[in-house]
Amino acid sequence: MLRHTKASPLLSLPGAVPAEGPDEGVAAHYGDLFREQRALAGGSGFVDLSHRGVVTVTGADRLSWLHLLITQHVSALPAGQATEALVLSANGHIEHALYLVDDGETTWAHVEPGTQGDLIAYLESMKFFYRVEVADRTDDFAVVHLPAGSIAESPEGVVVRETPHGRDLFLPRAELRAFADSHGPAAGSLAHEALRVEAHRPRLGLETDHRTIPHELGWLGTAVHLQKGCYRGQETVARVHNLGKPPRRLVFLHLDGSDVKLPGHGAPVRLAADGAEGRQLGFITTSARHHELGPIALALVKRNVPVDAALVVGEGTAAAQEVVVEP
């Protein structure tokens, strides 16, 4: 997966430690992970998400055209109203996740780092006779997140995507450092991820693999409109929703705090009764250290794993589960 190659200028802020993996290019933290988490939870500070891809769609047909391609109902999306949507394969597997807002003239979306090229290629292949133009604006605009409860003012003229979890700003990239100077303190990607895990919010490429369908992650409630058709993969969405159950389900885990190291992405999940040598029933998708809850994680497990079963992760870390997606 190609990534935006420019490192954020905010990596020069005091204490900045570069992130790795999917968040490479921005800071993992600025010296105090839990202080940064508490600031975000309390509605102060901001998160540099300038490594994320930014895609715009303009033209008179932009909303009616997007409506035919994505899982969300956007044909009459009001200006300023945030939504999220997925692009599925013909078999209903998740390929892209888009975080959208329309400003009345342009539809803006931010997407996972490095995925904008493939997304744009797909959108370009579906233009046909529609009056739309698709553009990669990652070089021009940086995504910045203000947490829920923040009283900081958004810069004048900046497109804002406001959700219950906070505000995403599409900030001109040249203004990123000046924004940091006036809107600090900065919080790193680890703090942002810990709060995402706490909120049970899935992320493409971490909670998903090549066969994930929306039902497994709870994305039906936020990113899929069940009363619309006319998009690739819709048949699978409708069939599983109306006639069956998804093969896997997302769970939230409280991990044993005595282990120094967090389990990595892909660490196996098993029944505690079977021990570390038992049959694998799932895997860790994201783990984090939370300022109040301690070590926590999201995991994808087989649907028939009992909801009250004690689990173990990796080499034997005890884990207690909370239901995210009903079996």
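Only a predicted model underlies this, so the values are computations on that prediction, with no experimental measurement involved.
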Legend entry - Asp32 side-chain N/O to Arg35 backbone N/O, donor-acceptor pair under 3.5 Å: yes
Legend entry - Test item: Ser150 and Arg167 side chains (from C-beta on) under 4.5 Å apart, heavy atoms: yes
Inset, instruction - Determine whether more than 12 heavy atoms belonging to other residues, nucleotides or ligands lie under 6.0 Å from atom NZ of Lys127. - result: yes
Inset, instruction - Would you tell me whether His96 and Asp118 have side-chain atoms, one donor and one acceptor, within less than 3.5 Å of each other? - result: no
Legend entry - Any side-chain donor near an acceptor of the partner, Trp108 and Asp103, under 3.5 Å: yes
Inset, instruction - Quick one: pull up CG in Asp274 and CD in Gln280 and give me the separation to the nearest 0.5 Å. - result: 12.5 Å
Legend entry - Thr212 side-chain N/O to Ile94 backbone N/O, donor-acceptor pair under 3.5 Å: no
Inset, instruction - Look only at the side chain of Asp23 and the backbone of Ala19, and say whether a donor-acceptor pair between them is shorter than 3.5 Å. - result: no
Inset, instruction - Report yes if the side chains of Val158 and Pro172 come closer than 4.5 Å at any heavy-atom pair, otherwise no. - result: yes
Inset, instruction - Assess whether side chain to side chain contact (heavy atoms under 4.5 Å, CB included) is satisfied between Val313 and Ile284, documenting all intermediate values. - result: CA-CA 8 Å; Val313 175; Ile284 294 292; 3.5 Å; yes
Legend entry - Neighbour count above 12 (heavy atom, 6.0 Å) for Glu315 CD: no
Inset, instruction - Evaluate side chain to side chain contact (heavy atoms under 4.5 Å, CB included) for Phe283 paired with Val301, printing each intermediate quantity in order. - result: CA-CA 7 Å; Phe283 63 94; Val301 301; over 6 Å; no
Legend entry - Reference residue Arg248; test side-chain contact (heavy atoms from CB on, under 4.5 Å); the match among Asp209, Val305, Asn304: Asp209
Inset, instruction - Measure the shortest side-chain to side-chain distance between Pro14 and Tyr30 over non-hydrogen atoms and say whether it is less than 4.5 angstrom. - result: no
Legend entry - Flag, side chain of Glu95 to backbone of Val87, donor-acceptor distance under 3.5 Å: no
Inset, instruction - For Glu207 and Arg196, run salt bridge (Lys or Arg N to Asp or Glu O under 4.0 Å): C-alpha distance rounded to whole Å, both residues' side-chain angles, the deciding distance at 0.1 Å, then the answer. - result: CA-CA 12 Å; Glu207 277 63 57; Arg196 177 183 69 82; 2.8 Å; yes
Legend entry - Nearest-0.5 Å distance that lies between atom CG in Leu66 and atom OH in Tyr231: 14.5 Å
Legend entry - Over-ring placement of Arg232 relative to Tyr122, 6.0 Å and 45° cut-offs: yes
Legend entry - Heavy-atom side-chain contact between Val26 and Ser50 under 4.5 Å: yes
Inset, instruction - Go through the side-chain N and O atoms of Glu198 and His290 and say whether any donor and acceptor fall under 3.5 Å apart. - result: yes
Legend entry - His110 ring center within less than 6.0 Å of Tyr99 ring center: yes
Legend entry - Minimal non-hydrogen separation, Gly45 against Leu40, with atom names: C-CD2, 4.5 Å
Legend entry - Test item: Leu262 and Arg289 side chains (from C-beta on) under 4.5 Å apart, heavy atoms: yes
Inset, instruction - To the nearest 0.5 Å, tell me how far Ile70 CD1 sits from Leu86 CG. - result: 9.0 Å
Inset, instruction - Working to the nearest 0.5 Å, report the span between CG of Leu98 and OG1 of Thr115. - result: 8.0 Å
Inset, instruction - Provide the closest heavy-atom pair for Ala191 versus Ala187 in the form atom of the first, atom of the second, distance. - result: CB-CB, 4.5 Å
Inset, instruction - Would you name the heavy atoms of Leu217 and Leu250 that are closest together and state the gap between them? - result: O-CD2, 3.9 Å
Legend entry - Which atom of Ser44 lies closest to which atom of Pro147, heavy atoms considered: O-CG, 3.6 Å
Inset, instruction - Ignoring hydrogens and angles, state whether a donor on the side chain of Asp256 or Thr317 is under 3.5 Å from an acceptor on the partner side chain. - result: no
Inset, instruction - Go through Val240 and Ile213 one step at a time and tell me if the side chain to side chain contact (heavy atoms under 4.5 Å, CB included) criterion holds. - result: CA-CA 9 Å; Val240 174; Ile213 59 177; 4.2 Å; yes
Legend entry - N/O donor-acceptor pair under 3.5 Å between Glu36 side chain and His192 backbone: no
Inset, instruction - Give a yes or no on whether Lys228 atom NZ has more than 12 heavy-atom contacts from other residues, nucleotides or ligands under 6.0 Å away. - result: yes
Inset, instruction - Side-chain contact test, heavy atoms from C-beta onward, threshold under 4.5 Å: evaluate it for Leu10 versus Arg177 and give yes or no. - result: yes
Legend entry - Whether His183 side chain and Phe179 backbone form a donor-acceptor pair below 3.5 Å: yes
Legend entry - N/O donor-acceptor pair under 3.5 Å between Thr71 side chain and Ala223 backbone: yes
Legend entry - Short side-chain to backbone donor-acceptor contact, Gln72 and Val74, under 3.5 Å: no
Inset, instruction - Using a 4.5 Å cut-off on heavy atoms from C-beta on, say whether the side chain of Leu100 contacts that of Thr107. - result: yes
Inset, instruction - Check the pair His145, Arg52 against side chain to side chain contact (heavy atoms under 4.5 Å, CB included), reporting the backbone distance first and the verdict last. - result: CA-CA 11 Å; His145 176 76; Arg52 292 184 64 82; over 6 Å; no
Legend entry - Exam field: side chain Glu112 to backbone Pro22, donor-acceptor pair closer than 3.5 Å: no
Legend entry - Sidechain-backbone polar pair: Arg161 side chain, Thr83 backbone, donor-acceptor under 3.5 Å: yes
Legend entry - Distance-only polar pair, side chains of Glu322 and His254, donor-acceptor under 3.5 Å: yes
Inset, instruction - Identify the two heavy atoms, one from Leu176 and one from Leu171, that lie closest to each other, and give their separation to 0.1 Å. - result: CA-CD2, 3.8 Å
Legend entry - Val197 with Leu206, same ILVMFWY side-chain cluster at under 4.5 Å: no
Inset, instruction - Give a yes-or-no answer on whether the side chains of Thr222 and Arg201 include a donor-acceptor pair shorter than 3.5 Å. - result: no
Legend entry - Atom pair CD/CG of Glu235 and Asn91 - distance to nearest 0.5 Å: 10.0 Å
Legend entry - Salt bridge Arg203-Glu193, side-chain N to carboxylate O under 4.0 Å: yes
Legend entry - Under-4.0 Å salt bridge between Glu326 and Arg249: no
Inset, instruction - Measure the shortest side-chain to side-chain distance between Cys230 and Leu68 over non-hydrogen atoms and say whether it is less than 4.5 angstrom. - result: yes
Inset, instruction - Locate the shortest heavy-atom distance separating Met126 from Trp65; write the atom from each residue and the value. - result: O-NE1, 2.9 Å
